[in-house]
Amino acid sequence: MKKFAAPLLLMMISLLVFVMVSFLLNSRNGIEASADSNNIDHVRFKVTDEQPYRTSYHFQPPQNWMNDPNAPMYYKGVYHFFYQHNPYAATFGDKIIWAHSVSSDLINWIHLNNALEPSEPYDINSCWSGSATILPGEKPVILYTGIDHNKHQVQNLATPKNLSDPFLREWTKHPQNPLITPPNEVEEDEFRDPTTAWHGKDGKWRVIIGAQKGNKGKAILYQSEDFVNWTVSPKPFFATDNTRVIECPDFFPVSINSTNGVDTSVENSSVRHVLKISYQSKQHDYYFLGKYVSDKENFVPDEKFTGTSKDLRFDYGKFYASKSFFDYAKNRRILWGWVNESDTTQDDIEKGWAGLQTIPRKVWLDKSGNRLMQWPIEEVENLRGSKISITGKKLEGGSTLEVSGITASQADVEVLFELPDLESGELLEDPSEVDPQLLCSKPYASRNGQIGPFGLLALASKDLTEQTAVFFQIYKTPNRYLCLMCSDHSRSSLRQDLDKTTYGTFFDIDPNLKEISLRSLIDKSIIESFGDEGRASITSRVYPLLAIKRDAHLYVFNNGSQSVIISKLNAWSLKQAEIGLEGSIRCA
Ligand code: DQQ
């Protein structure tokens with residue numbers, strides 16, 4: 001044996017050196033496209049020092065895969081954010097962990113050690129999504145899903161080791177785990193994602209857990225007096241037909257007459273309730289406004305789920321598995337959503353990372369009571385640098401105006417358009433027959449209307465061969481006016497092998513509306529857009545080849561036959577957020 005020891009050692013050392021060198025090379029993670037437009041299908045990437053698609057102010061781990069936001073909370077002056085992470089690869093994996101970062105402002109972040117990793121029979125095959133609840137006496141706890149040794153999904157409790165550490169660096173798994181195993185009426189491998197718990201009037205805690213039985217999606221309610229022993233409610237809190245599994249449910253009250261948020265346990269006549277479900281096969285987050293009937297322990301939505309474009313969504317673009325929390329420091333409810341990639345898995349492996357989080361959004365009930373409003377948290381405005389403004393500029397039909405003087409690849413743009421008489425909008429006899437996403441996808445050349453399309457061309461190349469058009473078009477119907485909001489990705493990149501689905505939605509507008517606003521947060525490969533002060537939002541992932549770094553441009557355009565006026569446009573270059581490891585903040 002001895003004579004093999006030296007060569008074996010040498011081999012192991014060489015292997016180690018090889019692995020380390022490859023890791024270092026890969027972890028530089030740069031990609032740069034050689035934009036040979038004659039041969040665009042074959043464009044591949046080469047490693048360089050800088051990545052054009054890695055974001056500057058969106059939350060990202062240092063490397064590898066990230067998906068759902070987990071257990072956001074505020075504790076002793078610190079915001080906590082946990083997330084689903086594969087620390088070993090830029091793809092999803094079978095040992096998913098809970099990574100953990102902290103912040104004082106929800107924009108700049110310090111990455112800490114992982115909070116939860118597979119270690120016990122009840123979570124040995126992954127620690128999946130869950131939520132935090134702050135128990136009386138300011139004691140935060142986490143309920144999360146473990147994939148156990150049988151690949152069944154069970155719910156576990158973890159508590160902080162040291163409550164006097166505001167960073168809550170270490171977490172202890174409860175000795176009685178698993179606390180909840182799949183009940184008879186659900187499938188053992190489709191039972192996950194406990195919500196933040198709320199406290200009922202009877203003093204008991206309640207959580208709901210996403211599940212599936214046959215084709216039905218379910219949210220199963222559990223109750224507990226001590227947060228350790230949980231009893232299943234005999235009937236589901238909520239169920240849908242033909243959706244299969246409901247993932248990452250979220251349930252919270254919203255104030256009827258204020259934009260402030262309220263604690264998850266508030267239940268009185270000044271609030272309505274929101275149930276959000278993540279519909280796995282569509283990868284969309286749908287929400288329902290409705291009535292929480294606490295004595296019957298169920299939720300009665302105002303509208304039934306149809307599985308069509310009529311259902312309300314938090315975001316009509318790339319946005320999934322979202323999670324909200326009540327930020328009692330600023331009395332607001334904040335929503336995070338996972339933004340997946342639209343490039344290929346091979347691209348993700350070459351980039352060395354995949355997945356973003358949206359800029360956290362404040363969420364509240366619209367005055368109409370019919371939908372939620374969302375707006376990027378005010379803290380993002382602290383990143384604003386140089387500014388450019390345009391006022392009172394008429395945009396004739398068919399015109400395009402460049403917004404120059406800011407970093408167009410990393411910007412915050414707010415524009416207010418003055419509208420012509422809404423009566424001059426095109427007639428849509430029966431909007432319920434029209435899928436807005438399909439309407440938005442009409443080929444660009446044929447898409448010209450009366451009032452609009454008008455909006456922004458973001459991440460555009462100088463010659464406009466690459467552009468992501470985020471725009472509005474106004475329609476009249478027999479009894480109301482509608483705004484179509486779209487994000488058109490058909491020309492977002494010269495590359496062909498990307499998911500370029502165009503997204504869109506309708507929303508009602510006030511018949512007396514004179515102006516409409518559009519805000520876009522642009523960050524290298526993501527555009528988050530908010531229409532009409534946050535009435536609708538669309539998040540896009542785009543990977544331009546030409547419109548990167550200094551070659552990215554921003555335009556305002558109007559392609560309708562009626563002119564619109566830019567009443568006010570403010571655009572800012574945004575600075576890079578500080579997102580890095582503890583002790584050595586590196587920029588993202
Ligand atoms: N992601 C988690 C699950 C959840 C899904 C696994 C939603 O807990 O259902 O990473 O994206």
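All ligand and atom numbering here is 1-based and tracks the order in the structure. Side chains are part of it too, since the values below use all heavy atoms of this structure and drop only hydrogens, waters and symmetry mates. Residue numbers count from 1 along this sequence.
Nearest residue to atom 7 (C) of ligand 1 from Asp68, Ile246, Asn70 is Asp68 (criterion: closest heavy atom). With Asp193, Thr145, Ile96, Ile97 as candidates, the residue nearest to atom 3 (C) of ligand 1 on a non-hydrogen basis is Asp193.
For Thr181, the side-chain contact (heavy atoms from CB on, under 4.5 Å) partners two or more places apart in sequence, or in a different chain, are Val154, Pro178. Partners of His152 by ring-ring contact (aromatic ring centres under 6.0 Å, His included), not counting sequence neighbours: none found.
Atoms of ligand 1 lying under 4.0 Å from at least one heavy atom of Phe92, given by number and element, are 6 (C), 10 (O). Numbered from 1 in the order shown, with element, the atoms of ligand 1 that lie under 4.0 Å from a heavy atom of Trp128 read 3 (C), 6 (C), 8 (O). Atoms of ligand 1 found under 4.0 Å from any heavy atom of Ser129 (numbered from 1 in listed order, with element): 2 (C), 8 (O). With ligand atoms numbered from 1 in the order given, ligand 1 contributes 2 (C), 6 (C), 10 (O) to contacts under 4.0 Å with heavy atoms of Gln84. Close approach of ligand 1 to Tyr320 (heavy-atom distance below 4.0 Å) involves ligand atoms 7 (C), 11 (O).
The proximity of Asn67 to ligand 1, defined as any non-hydrogen pair under 4.0 Å, is limited to the side chain.
Asn162 and Glu170 share no side-chain donor-acceptor pair at under 3.5 Å. In summary, the side chains of Ser520 and Ser529 do present a donor paired with an acceptor at a separation below 3.5 Å, with no hydrogens or angles considered. A donor-acceptor pair shorter than 3.5 Å cannot be found between the side chains of Tyr53 and Glu341.
For ligand 1, the polar-atom distance check finds an N/O of Glu247 within less than 3.5 Å of one of the ligand's N/O atoms.
Ring pair Tyr222/Phe191 is tilted by interplanar angle, where 30° to 60° counts as tilted. Between Trp336 and Phe59, the angle of the ring planes goes over 60°, which puts this pair in the perpendicular group of the 30/60° scheme.
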